[in-house]
A.B. asks: 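Structure in structure tokens, see below.
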Amino acid sequence: MHQNGREGRREVNGMNGSVGSAQSARSVGSSPKSVASRLTESNGSTSVPLIDPTEYRSFCFRGEGRMNFVISAKHANNGSRIVWRFAKARKSGLVTVKAKSELVNEYMEKIVSPCLGPNYLVDPKIIEMKVHDVHQLVKIPSLPPNKKIESFEELLQLPENLSFLPLASIPKNVTRISALEMLDATRIPKELPEYVGPTITVEIKPKQGFFQTHPTISVPFCNNCILQMEKTSNNNNVDMEKCQSDTFKQMYDFCPLQLFSGDFERMRHALQSLIHIPHRNLRLFVDGNLIHYDEKTLEWGELNRALFDRMEQKLQEGDEPLKFGIDDILDALCLIISGSVSFESFSLQPHSVLAQILKAQQIDSIGIVRAHCMLKQLTDKQLNELRDKTRIAKIGLQGVLALPEDDPLSELIKYFVAATMKDCSVMVSLRRIPDSSIDSTKLHGNDIIAMPNGSYFAYSVKVVDLDPKSPKNLTNAYARFMAGVKLIEMNEIQRNPCI
Ligand SMILES: O=P(O)(O)O[C@@H]1[C@@H](OP(=O)(O)O)[C@H](OP(=O)(O)O)[C@H](O)[C@H](OP(=O)(O)O)[C@H]1OP(=O)(O)O
Ligand SMILES: Nc1ncnc2c1ncn2[C@@H]1O[C@H](COP(=O)(O)OP(=O)(O)OP(=O)(O)O)[C@@H](O)[C@H]1O
């Protein structure tokens with residue numbers, strides 16, 4: 001979860017993207033809804049839709065991480081808002097023409113989708129675009145935050161050097177680039193007759209929701225808190241040779257064990273802590289505009305104004321003014337992500353998004369330290385098998401669950417499946433249904449929450465960032481984890497234990 005303008009940004013001029021020949025992406029059986037205006041163009045044996053971005057309007061940047069740029073657009077005819085996720089080259093930070101869309105899509109389909117209820121999925125599918133169209137689209141991440149570009153033609157007028165796919169970096173034989181297209185999770189599908197006010201989206205990266213013990217390590221902190229303390233270490237005036245991390249200015253009070261606890265007060269405290277200091281675990285959008293995140297936080301009062309003013313502005317005749325603010329959002333979030341219907345009967349329900357993520361995380365029964373140790377024991381052949389990210393998808397979730405215990409390769413495969421679920425994000429969008437239409441609304445079958453103040457909100461919950469992980473991820477995370485443990489053992493950090 002990065003935001004517009006972060007590290008390496010605006011250094012596009014003169015940078016060379018590391019590029020190679022285009023991979024031919026092939027649909028692996030997802031069932032995209034057919035869109036009349038988007039006819040599949042034949043490209044040899046494959047049938048990946050070739051997207052014409054001039055059929056879209058209202059383009060904007062939605063976010064980026066280390067691996068992808070996410071750009072949102074609205075279909076000019078059917079009005080649906082989708083995002084395209086373009087892969088980055090890790091080193092250059094530019095869009096890569098060697099996107100592994102097929103791999104990610106297959107992993108989603110065979111491993112991730114069976115772990116989550118269909119309502120939590122963003123229905124990704126592989127698409128292709130002409131490289132020159134992508135060149136234009138990826139000017140968008142260079143624009144000021146939340147800037148909307150109404151038409152594709154407007155993009156053509158913008159300077160070439162804004163693009164994260166410089167023309168000079170595109171090999172001659174590459175004509176198309178693949179990407180993943182999916183629902184824009186900052187929108188609620190228009191299934192209800194009407195809404196009032198803005199759509200509020202809270203994106204939460206919940207991280208590992210259960211405590212694991214590790215051989216020879218005895219610190220009372222969970223994985224996330226150890227790793228986050230390491231990322232804040234320089235700012236705790238810790239002087240350690242190998243620990244030079246200063247990703248965040250200050251440590252937060254958030255702990256995933258509280259978030260997943262199923263206890264209302266603890267869960268609410270976890271979310272409130274993220275509002276105060278989000279790190280990369282929380283972002284808040286209003287109508288898709290990012291208003292609150294790690295590098296630009298609003299005070300509690302400012303947040304309330306940002307939400308309340310927008311609610312007031314869009315009220316229609318007959319609708320009661322609503323006392324509504326960030327506290328209400330947090331209450332609603334607790335109910336939604338725990339799957340509870342009231343504060344009185346609050347618990348983590350098995351169908352809830354958090355319970356499903358937690359269950360998938362617990363496929364790992366060894367933890368990061370044993371996993372690293374087992375990685376060292378693998379033969380070269382086994383290591384190569386593990387590096388082949390297509391392999392786990394081929395086994396499928398049922399196959400992974402049936403793998404034998406006490407076999408290092410099998411345990412590591414399970415570890416990597418769980419690692420994806422320990423690093424995903426949950427996007428919850430909420431929008432008010434006007435009081436005047438409550439009676440006529442068929443509440444049954446829709447995701448609607450009754451707020452304690454008597455108002456109703458429609459909501460949608462989507463899980464994003466579900467990429468396969470590799471031995472490199474484990475090696476990297478292990479080094480940071482051990483550095484964090486060392487800090488704690490040196491008594492350099494004051495913090496309440498997680499357990
Ligand atoms: O190891 P962690 O817990 O610090 O998680 C990393 C994330 O840090 P965060 O939790 O947001 O502070 C990190 O997130 P950011 O890019 O820092 O937002 C990545 O998601 C990283 O995965 P990958 O290397 O991009 O595949 C994540 O690494 P792995 O999941 O590969 O370990
Ligand atoms: N379907 C979606 N709808 C709306 N926004 C999205 C969607 N998918 C991703 N985003 C936004 O784009 C951001 C970056 O996407 P994503 O997390 O997939 O990138 P990444 O490079 O894989 O991240 P990381 O470095 O954390 O692995 C997300 O944090 C989220 O804000």
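Because the structure is a prediction, the values reported are computed rather than measured. One-based numbering, in listed order, for ligands and for the atoms of each. The figures here come from the full heavy-atom set of this structure, side chains too, leaving out hydrogens, waters and symmetry mates.
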A.B. asks: Looking at E64, which atoms of ligand 2 are within less than 4.0 Å of one of its heavy atoms?
C.D. replies: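 Reading through ligand 2 atom by atom, the close ones are 13 (C), 14 (C).
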A.B. asks: Could you list which atoms of ligand 2 come closer than 4.0 Å to a heavy atom of L183?
C.D. replies: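 Counting atoms of ligand 2 from 1, those under 4.0 Å from L183 are 1 (N), 2 (C), 3 (N).
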A.B. asks: Could you walk me through whether E106 and K394 pass salt bridge (Lys or Arg N to Asp or Glu O under 4.0 Å), step by step?
C.D. replies: CA-CA 8 Å; E106 188 159 6; K394 283 190 192 112; over 6 Å; no
A.B. asks: Pairs of nitrogen or oxygen atoms closer than 3.5 Å, one from R283 and one from ligand 2: do any exist?
C.D. replies: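 Right, the criterion is met.
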A.B. asks: Considering the heavy atoms of M427, write down every atom of ligand 2 situated less than 4.0 Å from one of them.
C.D. replies: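 In order of number, 4 (C), 5 (N), 6 (C).
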A.B. asks: Any N or O of N68 that comes nearer than 3.5 Å to an N or O of ligand 2?
C.D. replies: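 For ligand 2, there is an N or O atom that lies under 3.5 Å from one belonging to N68.
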A.B. asks: Can you tell me which portion of R90 lies within the under-4.0 Å heavy-atom range of ligand 1? Options are side chain, backbone, both, or neither.
C.D. replies: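 Side chain only.
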A.B. asks: To which of V464, T201, I71, N473 does the heavy atom nearest atom 8 (N) of ligand 2 belong?
C.D. replies: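 The option holding the nearest heavy atom is V464.
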A.B. asks: Which of the numbered atoms in ligand 1 are under 4.0 angstrom from any heavy atom belonging to A477?
C.D. replies: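 In order of number, 1 (O), 32 (O).
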A.B. asks: So if I count the atoms of ligand 2 from 1 in the order they appear, which ones are less than 4.0 Å from some heavy atom of M182?
C.D. replies: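 Atoms satisfying the 4.0 Å criterion: 1 (N).
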A.B. asks: State the atoms of ligand 2, each with its element, that fall below the 4.0 Å cut-off from a heavy-atom position in K205.
C.D. replies: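 That gives atoms 26 (O) of ligand 2.
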A.B. asks: Can you confirm, on distance only, whether ligand 2 has an N/O atom lying under 3.5 Å from any N/O atom belonging to V70?
C.D. replies: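 In fact, backbone or side chain, V70 has no N or O that close.
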A.B. asks: Rounded to the nearest 0.5 Å, how far does CD1 of I126 lie from CE of M108?
C.D. replies: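 Output value for this atom pair is 11.5 Å.
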A.B. asks: What are the atoms of ligand 1, with element, lying closer than 4.0 Å to any heavy atom of N473?
C.D. replies: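 So the atoms of ligand 1 that pass are 23 (P), 24 (O), 26 (O), 31 (O).
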A.B. asks: Does K389 have any salt bridge (charged side-chain N to carboxylate O under 4.0 Å, His left out) partners at least two apart in sequence or in another chain, and if so, which?
C.D. replies: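 Scan of K389 (salt bridge (charged side-chain N to carboxylate O under 4.0 Å, His left out), adjacent residues dropped) gives none.
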A.B. asks: Name the residue from D133, V138, I140 that meets the side chain to side chain contact (heavy atoms under 4.5 Å, CB included) definition with L155.
C.D. replies: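 That would be I140; it is the only one of D133, V138, I140 passing the side chain to side chain contact (heavy atoms under 4.5 Å, CB included) with L155.
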A.B. asks: Does ligand 1 have an atom that lies less than 4.0 angstrom from a heavy atom of R480?
C.D. replies: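 For ligand 1, residue contact (heavy atoms, under 4.0 Å) with R480 is present.
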A.B. asks: For D467 and T420, which heavy atoms make the closest approach, and how far apart are they?
C.D. replies: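 So the minimum-distance heavy-atom pair works out to O-OG1, 2.8 Å.
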A.B. asks: Using a strict cut-off of 4.0 Å, indicate which atoms of ligand 2 neighbour a heavy atom of D184.
C.D. replies: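 Counting atoms of ligand 2 from 1, those under 4.0 Å from D184 are 3 (N), 4 (C).
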A.B. asks: Are K231 and ligand 1 in contact, using a heavy-atom cut-off of under 4.0 Å?
C.D. replies: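 Yes.
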A.B. asks: By number and element, which atoms of ligand 2 are closer than 4.0 Å to a non-hydrogen atom of G65?
C.D. replies: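 It comes down to these atoms of ligand 2: 14 (C), 19 (O), 20 (P), 21 (O), 23 (O), 25 (O).
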A.B. asks: Say whether R85, considering both its backbone and side-chain N or O atoms, lies within less than 3.5 Å of an N or O atom on ligand 2.
C.D. replies: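 In this structure, R85 places an N or O atom under 3.5 Å from an N or O of ligand 2.
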A.B. asks: Considering only NZ, NE, NH1 and NH2 on the basic side and carboxylate oxygens on the acidic side, decide whether D465 and R85 come within less than 4.0 Å.
C.D. replies: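 Here D465 pairs with R85 in a salt bridge, since their nearest N and O are under 4.0 Å apart.
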A.B. asks: For K207, is at least one N or O under 3.5 Å away from an N or O on ligand 1?
C.D. replies: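 Between K207 and ligand 1, an N or O pair is found under 3.5 Å apart.
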A.B. asks: Is K205 touching ligand 1 with its side chain, its backbone, both, or neither, if touching means heavy atoms under 4.0 Å apart?
C.D. replies: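 Contact part for K205 vs ligand 1: side chain (C-beta onward).
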A.B. asks: Set out, in order, the CA-CA distance, both residues' side-chain angles and the distance that settles side chain to side chain donor-acceptor pair (under 3.5 Å) for K414 and S410, then state yes or no.
C.D. replies: CA-CA 6 Å; K414 289 187 234 173; S410 303; over 6 Å; no
A.B. asks: Does an N or O from Q228, backbone or side chain, lie closer than 3.5 Å to an N or O of ligand 1?
C.D. replies: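 Between Q228 and ligand 1, an N or O pair is found under 3.5 Å apart.
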A.B. asks: Would you mind listing which atoms of ligand 2 come within a distance below 4.0 Å of any non-hydrogen atom of D467?
C.D. replies: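 Listed by number with element, the hits are 22 (O).
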A.B. asks: What I'd like to find out is whether the side chain of F416 reaches to under 4.5 Å of the side chain of L474, using heavy atoms alone.
C.D. replies: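 Touching, per the 4.5 Å side-chain cut-off.
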A.B. asks: Mind listing the closest non-hydrogen atom pair of L348 and I337 along with its distance?
C.D. replies: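 Closest heavy-atom pair between L348 and I337: CD1-O, 4.3 Å.
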A.B. asks: Less than 4.0 Å between a side-chain N and a carboxylate O, is that true for E411 and R370?
C.D. replies: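 Answer for the salt bridge query: no.
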A.B. asks: Polar contacts were defined as any N/O atom of the residue lying under 3.5 Å from an N/O atom of the ligand; does this apply to V122 and ligand 2?
C.D. replies: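 Among all N and O atoms of V122, none is under 3.5 Å from an N or O of ligand 2.
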A.B. asks: How would you list all residue pairs meeting side-chain hydrogen bond (donor to acceptor under 3.5 Å, both in side chains) that involve residues 251-261, not counting sequence neighbours?
C.D. replies: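 Of all non-adjacent pairs touching residues 251-261, those that pass side-chain hydrogen bond (donor to acceptor under 3.5 Å, both in side chains) are N224-Y252, Y252-N281, D253-H269.
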A.B. asks: When rounded to the nearest 0.5 angstrom, what is the spacing between CD in E385 and CG in L383?
C.D. replies: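 CG of L383 is found 10.0 Å from CD of E385.
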